[in-house]
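Single-structure report; data block below.
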Amino acid sequence: MEFRDLKTQYHALGDKMNEAILDVCSSGRYIGGPQVDELERVLAEYVGLKHCITCANGTDALQLALLAWGVGPSDAVFIPDFTFFSTGEVVSSVGANPVFVDVCERTFNLDAQSLWNAIEYVKANTDLTPRAVIAVDLFGLPADYPSIRRICDEEGLLLLEDGAQGFGGSILGHMACSFGDISTTSFFPAKPLGCYGDGGACFTDNDEWATLMRSYAVHGKGAMKYDNVRIGMNSRLDTIQAAILLVKFQSFKEREIEAVNTFANDYSELLNSASDRLGFELPEIPDGYVSSWAQYTLKMADGQQRDQIKDYLSGCDIPTMVYYPKPMHDQLAFIDKSILPPDGCPVTSSLCRRVLSLPMGPYLGSDNLQRVSNAFAAL
Ligand SMILES: *Cc1c(COP(=O)(O)O)cnc(C)c1O
């Protein structure tokens, strides 16, 4: 069994994928071009915003947003303690200061009360300017944007949505990657919408930020390519990846989001009695929310049970992953370069010991689902 079955997807997409790739090869145009323009148009339309700016990966997308806002050394940026490293890395990359905020046990996402506490702590105890919040749509579930937006408005903070895992999710019909002042995603192969290499995108309704992000992504270009008005990056989405994404997006929209939600419901039904019996928790989706199910993540009773069940499943030839084994505040790279408010992040620390992600994806297949379910039933 594959943890995320990308090969089956490739075969399911059939000749369309090969044709799209070969079209780019024979066109002689490998950077930019009509595929990139078309992809930006359809993705912006899908999330319901004016601008989509593609770039080289999801980490660059986050960094481009911070550069467009001019976030820098005197600024504090609030990020969840429970996330992939990039979310905090980009804050340090632009010279600003990451402040770690605890998450909700139920949703794995940024906790509004902890965010309030962290903002108060920074205002009372540091010389830093609270500038921005990066909220993450972890495992495919949009963060609590109604609450986070209220806090950002009240405190005058910019909101950046890290939708690397969230593309395709929604809250009350509003699409993920539309909740931030700028939102970003990643097209890393294993993300909900992935390409065959690295890729990423920024989304915004703001014309000025869109122009700035396009400039930063191409060596700080001005009115034309050899006019450089600021120090930027080299961060473009390759034409071939755009062509791949155009094919995949069609299937994502038409089939995959629905398929992955069906698998998640089936998982939850099949694992329900094992969860009661063994005392672990299944993922929960709040009312009005739709997840794109980047991961299907269990919360085991404790660390010992997590490690035992992980080993047991591995013995049954069922691959699992631990996202994430370490809180951001414990990462060596952030020692001395970050702020952890005095309450710490106890929920994150506990989750890091207890989470276990099962194989998931739109091509998982009901046979595999049944195999996982049988393995749990035999425990
Ligand atoms: C994958 C991921 C990123 C980074 O995306 P890349 O395309 O790998 O650079 C950022 N944030 C989160 C939450 C991610 O899962």
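Counting convention: from 1, in listed order, for ligands and their atoms alike.
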Where ligand 1 meets [X] - atom numbers and elements under 4.0 angstrom, heavy-atom basis:
{"X": "G58", "answer": "5 (O), 6 (P), 7 (O), 9 (O)"}
{"X": "N57", "answer": "7 (O), 9 (O)"}
{"X": "V136", "answer": "13 (C)"}
{"X": "S186", "answer": "5 (O), 6 (P), 7 (O)"}

Notebook entry, point to check: Hey, is ligand 1 close enough to Q165 that some N/O pair sits below 3.5 Å?
Noted result: yes

Next item on the list: Could you tell me whether some N/O pair between A164 and ligand 1 is separated by less than 3.5 angstrom?
Entry: no

Notebook entry, point to check: Taking atom 10 (C) of ligand 1 as the point of reference, which of P189, G194, S86 owns the nearest heavy atom?
Noted result: S86

Next item on the list: Return yes if some donor-acceptor pair links the side-chain N/O of K299 with the main-chain N/O of F280 below 3.5 Å, else return no.
Entry: no

Check: Identify the closest protein heavy atom to atom 2 (C) of ligand 1: which residue and atom is it, and at what distance?
Finding: K191 NZ, 2.5 Å

Notebook entry, point to check: Nearest protein heavy atom to atom 11 (N) of ligand 1, by residue and atom, and its distance?
Noted result: D162 OD2, 2.7 Å

Using a 4.5 Å cut-off on heavy atoms from C-beta on, say whether the side chain of [Y] contacts that of [X].
{"X": "I79", "Y": "V133", "value": "no"}
{"X": "L193", "Y": "L245", "value": "yes"}
{"X": "P192", "Y": "T185", "value": "no"}

Check: Salt bridge or not for E281 and R354, using N-O below 4.0 Å?
Finding: yes

Next item on the list: Indicate yes or no: does R106 engage D144 in a salt bridge with an N to O separation below 4.0 Å.
Entry: no

Notebook entry, point to check: Which bit of T83 gets closer than 4.0 Å to ligand 1, counting heavy atoms only: side chain, backbone, both or neither?
Noted result: side chain

Check: Counting heavy atoms only, which part of T59 comes closer than 4.0 Å to ligand 1: side chain, backbone, both or neither?
Finding: both

Margin query: Can you tell me which residue among S186, S235, S93 is in a side-chain hydrogen bond (donor to acceptor under 3.5 Å, both in side chains) with D60?
Written below: S235

Margin query: Take a 6.0 Å sphere around CD of E258 and say whether it holds more than 12 heavy atoms from other residues, nucleotides or ligands.
Written below: no

